[in-house]
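Throughout, a chain's letter reflects where its sequence line sits, starting with A, and its residues are numbered from 1.
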Protein chains: 2
Amino acid sequence: MVEMLTIGSLGRKTGTKVQTIRYYEQIGLMPTAERTEGGQRRYVNADLDRLSFIRHSRQLGFGLDAIRELLDLGDHPNRSCEEADTIARRHLWQVEQRLARLKALRTELKRMVQECSGGRSAECRVLEVLRDHSECLTQHDEIGV
Amino acid sequence: MVEMLTIGSLGRKTGTKVQTIRYYEQIGLMPTAERTEGGQRRYVNADLDRLSFIRHSRQLGFGLDAIRELLDLGDHPNRSCEEADTIARRHLWQVEQRLARLKALRTELKRMVQECSGGRSAECRVLEVLRDHSECLTQHDEIGV
DNA sequence: CTTGAACCTTCAGTGGCTAGAGGTTGTATC
DNA sequence: GATACAACCTCTAGCCACTGAAGGTTCAAG
């Protein structure tokens, strides 16, 4: 007989909240779990592996759609590695874009707070800079980082 | 007589979508706009300034709650600059945290794609690393960058 | 007076969960 | 066998900061 895991122990082993596991099942990222007679989910080791993969990918910043593709590739050992590589490279590129924007942001913010000398808000450099884009060194046209 | 701006021209001047302006009004970030007899919104220059401030703050990554506080400080010139400074410093700190995590992520991703030699997915390093956390140099416990 | 672009409201959806209400099951202990 | 109670279940709604679309109305130019 196979030892089965409850959703709670699966969560503990992978650092995942129970609701999140159920959510992954709902969106088809995790398979439909087997159930006890009473209707509680039971998992096997393959499920643990899959969830670990998902979680680790999430920690590395992959989106759920990318993870779906990666899982699919993992399920087909004979398919080319190229697709996984493409997904990873694309993600890396996105991370680098964000890094660049965040760095520009940091520069601007640092300058802002350094210039603030702490008087009345009427003379506040922070507020001035926010009011007047032309005070900025970079364009930062995009929003949300 | 005062010249009035339509929501569309306000949007064009500030690089904001019309729906976004209405959304800002809805959540109380922009004041309730005056209306024509037919019910269309009309804006004055003060509104333009306020929206510019909001948008610029968003470009610098401030959240809407922080922006609300900053706007409030701007409306009260005699209040201390300290609060604005605190908000900006807090935000800077958050940006630095994110930068650090993104950098660790980039390192890991780079290593991953560099090791991929492009064979069958069964031997794919990308998938292997995702399967096995112990292959990673950093802990990256947190999710979502 | 007609055209049509720009406006209006309302609702739903994005990503990736997370929280809560209100009810049921599983297991350990007596 | 009874009881207690932690852990499970479903369902709904909320988070952030918008964005899109449906279906209808108004404004300004010609």
Side-chain angles (χ1 to χ4, degrees), chain A residues 3-30 32-43 47 51 53-71 91 94-95 98 141-145, chain B residues 3-30 32-43 47 51 53-71 91 94-95 98 141-145:
Chain A
E3 281 172 50
M4 304 287 264
L5 295 163
T6 64
I7 195 169
S9 55
L10 189 64
R12 253 168 275 126
K13 277 175 197 289
T14 56
T16 316
K17 301 216 166 159
V18 165
Q19 297 103 302
T20 305
I21 301 175
R22 289 199 279 247
Y23 169 71
Y24 287 160
E25 179 181 318
Q26 195 189 313
I27 62 169
L29 205 58
M30 286 292 285
T32 311
E34 283 189 51
R35 303 280 184 135
T36 61
E37 286 196 10
Q40 298 196 357
R41 291 172 180 80
R42 287 298 116 103
Y43 295 93
D47 299 317
L51 185 54
F53 185 100
I54 295 171
R55 285 270 107 186
H56 192 203
S57 305
R58 286 292 297 128
Q59 284 168 352
L60 286 168
F62 287 94
L64 295 186
D65 280 347
I67 295 174
R68 216 185 287 272
E69 293 184 65
L70 291 167
L71 280 166
H91 181 48
Q94 285 165 355
V95 166
R98 283 210 278 164
D141 291 329
E142 302 184 51
I143 257 174
V145 187
Chain B
E3 279 170 50
M4 304 287 264
L5 296 163
T6 64
I7 195 169
S9 55
L10 188 63
R12 254 168 276 127
K13 277 175 198 284
T14 56
T16 315
K17 302 216 165 157
V18 165
Q19 298 102 301
T20 305
I21 302 175
R22 290 199 279 248
Y23 168 71
Y24 287 162
E25 179 180 318
Q26 196 189 311
I27 61 167
L29 205 57
M30 285 292 285
T32 311
E34 283 188 52
R35 303 281 185 136
T36 61
E37 285 196 10
Q40 297 196 356
R41 291 172 179 81
R42 288 297 118 102
Y43 295 94
D47 298 318
L51 184 54
F53 184 100
I54 294 171
R55 285 269 109 186
H56 192 204
S57 305
R58 286 294 296 129
Q59 284 169 351
L60 288 168
F62 287 94
L64 295 186
D65 279 347
I67 296 175
R68 215 184 286 272
E69 293 183 66
L70 290 167
L71 279 167
H91 181 47
Q94 285 166 355
V95 166
R98 282 213 278 166
D141 291 330
E142 302 184 52
I143 256 173
V145 186

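In this structure, the separation between CG on Leu51(B) and CE on Met30(B) is 5.0 Å, given to the nearest 0.5 Å.
Proximity of Thr6(A) to Gln40(A): side-chain heavy atoms (C-beta onward) are nowhere separated by under 4.5 Å. With contacts defined as side-chain heavy-atom distances shorter than 4.5 Å, the pair Arg68(B)/Leu71(B) does not qualify. The shortest side-chain heavy-atom distance between Thr14(B) and His56(B) does not fall under the 4.5 Å cut-off.
Across all strands, Arg41(A) comes closer than 4.0 Å only to sugar-phosphate atoms, never to a base (heavy-atom distances). At a threshold of 4.0 angstrom between heavy atoms, the contacts of Arg55(A) are confined to the sugar-phosphate backbone, with no base atom among them. Across all strands, Tyr24(A) comes closer than 4.0 Å only to sugar-phosphate atoms, never to a base (heavy-atom distances).
If you take CZ of Phe62(A) and P of dG15(C), they are 17 Å apart, rounded to a whole angstrom. Across the protein-nucleic acid pair, Arg22(B) atom CZ and dT10(C) atom P stand 11 Å apart, rounded to whole Å. Rounded to a whole Å, the OH atom of Tyr23(B) is 16 Å from the C1' atom of dT10(C). Following rounding to the nearest Å, Gln94(A) (CD) and dG15(C) (P) show an atom-to-atom distance of 13 Å. For the pair Ile67(A) CD1 and dG16(C) P, the computed distance is 8 Å after rounding to whole Å. Between Leu64(A) atom CG and dG15(C) atom C1' there is a gap of 7 Å when expressed in whole angstrom units. With rounding to whole Å, Met30(A) atom CE is found 16 Å from dG16(C) atom C1'. The separation between Arg68(A) atom CZ and dG15(C) atom C1' is 12 Å, rounded to whole Å.
Where Thr36(B) and Asp65(B) meet DNA chain D, the nucleotide closest to each residue was compared, and Asp65(B) sits on the side nearer the 5' end. If Ile54(B) and Gly38(B) are placed on DNA chain D by their nearest nucleotide, the residue sitting closer to the 5' end is Ile54(B).
The stretch residues 5-17 of chain B touches DNA chain D through Lys17(B), each having a heavy atom within less than 4.0 Å of the strand.
Protein chain A contacts DNA chain D over a range whose 5' and 3' limits, counting nucleotides with an atom under 4.0 angstrom from a non-hydrogen atom, are dC8(D) to dT10(D).
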Trace of the side chain to side chain contact (heavy atoms under 4.5 Å, CB included) decision for Met4(A) with Thr36(A): CA-CA 10 Å; Met4(A) 304 287 264; Thr36(A) 61; over 6 Å; no
Asp47(A) vs Leu5(A), side chain to side chain contact (heavy atoms under 4.5 Å, CB included): CA-CA, chis, key distance, verdict: CA-CA 9 Å; Asp47(A) 299 317; Leu5(A) 295 163; over 6 Å; no
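Remark: Glu34(A) CD is loosely packed, at most 12 non-hydrogen atoms of other residues, nucleotides or ligands lying under 6.0 Å away.
Shortest non-hydrogen contact noted between Leu60(A) and His91(A) is O-NE2, 2.7 Å.
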Throw together a table of side-chain donor-acceptor distances under 3.5 angstrom for residues 17-29 of chain B, partners on residues two or more places apart or in other chains.
{"unit_1": "Tyr24(B)", "atom_1": "OH", "unit_2": "Arg55(B)", "atom_2": "NH2", "d": "2.7"}
{"unit_1": "Glu25(B)", "atom_1": "OE1", "unit_2": "Arg41(B)", "atom_2": "NE", "d": "2.9"}

